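Just so you know, these numbers come straight off a predicted model, no measurement behind them. In what follows, chains are A, B, ... by sequence order, proteins preceding strands, each numbered from 1.
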Amino acid sequence: DAGVTQSPTHLIKTRGQHVTLRCSPISGHKSVSWYQQVLGQGPQFIFQYYEKEERGRGNFPDRFSARQFPNYSSELNVNALLLGDSALYLCASSPWGTGVIVQETQYFGPGTRLLVL
Amino acid sequence: EDQVTQSPEALRLQEGESSSLNCSYTVSGLRGLFWYRQDPGKGPEFLFTLYSAGEEKEKERLKATLTKKESFLHITAPKPEDSATYLCAVSGSARQLTFGSGTQLTVLP
């Protein structure tokens with residue numbers, strides 16, 4: 001079975017530009033979350049989506065936005081890029097569901113490495 | 001606010017030398033504690049989910065345990081291929097993962 005896929009794998013942008021990152025969840029998973037990981041740190045939560053609705057947002061500026069499509073895939077958009085946005089961007093999917101604890105586990109994709117010059 | 005602290009930051013072991021990694025946490029309404037393995041430049045690979053104090057799970061040379069304030073990842077007779085960064089995360093009432101900074105494990109042959 002295919003795991004979480006992300007595209008592109010690597011990206012180089014300059015300050016002020018815009019970037020769109022894409023994620024396809026594991027088949028059957030309805031929730032997608034986005035994380036930012038800078039070197040030497042653990043992933044930091046950005047957004048969580050379930051059934052195309054935003055269910056949670058981390059402490060990130062409004063330059064960051066996301067959406068989820070009817071097929072449960074997702075996009076993360078970042079406007080007006082800053083040098084500090086350079087990081088590994090991770091997408092994770094989970095079944096979500098209610099009342100069944102086992103569905104809490106999130107499975108991660110390989111990430112998109114973004115470098116802002 | 002959920003918080004996770006992992007120790008040590010880095011650990012070097014000789015092959016076969018068993019040890020434990022620590023994850024201390026505070027969370028509002030624990031829905032799960034998760035351990036992941038991450039190789040350089042790659043996404044985290046899921047290892048274990050623990051849901052309640054006293055729970056234990058094992059996989060090959062790894063064993064994860066959970067108390068009300070901590071989780072331990074025990075590594076028995078590690079091999080060089082176990083070298084990686086091990087991440088601990090909690091999911092609370094908001095159902096978002098809060099990660100620690102990880103423990104970078106190096107196993108020397």
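- Environment of CD in B:Glu9: sparse, with no more than 12 heavy atoms of neighbouring residues, nucleotides or ligands closer than 6.0 Å.
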| request: Decide yes or no on side chain to side chain contact (heavy atoms under 4.5 Å, CB included) for A:Thr105 and B:Phe46, but give the supporting numbers first. | output: CA-CA 8 Å; A:Thr105 301; B:Phe46 170 71; 3.4 Å; yes

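- Neither the backbone nor the side chain of A:Gln6 comes within less than 4.5 Å of any heavy atom of chain B.
- Annotation for B:Lys79: atom NZ does not count as buried by contact number, only 12 or fewer foreign heavy atoms lying within 6.0 Å.
- Of the atoms belonging to A:Gln41, heavy atoms from both backbone and side chain fall under 4.5 Å from chain B.
- The backbone N or O of B:Arg95 sits less than 3.5 Å from a side-chain atom of A:Gln48, completing a donor-acceptor pair.
- Taking chain A as the reference chain and counting heavy-atom pairs below 4.5 Å, the highest number among B:Glu45, B:Gln38, B:Gln104, B:Lys42 is found for B:Gln38.
- No side-chain heavy atom of B:Leu97 sits under 4.5 Å from any side-chain heavy atom of A:Ser33.
- For CD of B:Glu81, the number of neighbouring non-hydrogen atoms (other residues, nucleotides, ligands) closer than 6.0 Å is greater than 12.
- In terms of heavy-atom proximity, A:Gly42 sits nearest to B:Leu87 at CA-CD2, 4.2 Å.
- Closest of all the heavy-atom pairs between B:Tyr36 and A:Gln106 is OH-O, 2.6 Å.
- Heavy atoms of other residues, nucleotides or ligands lying less than 6.0 angstrom from CG of A:Asn59 number 12 at most.
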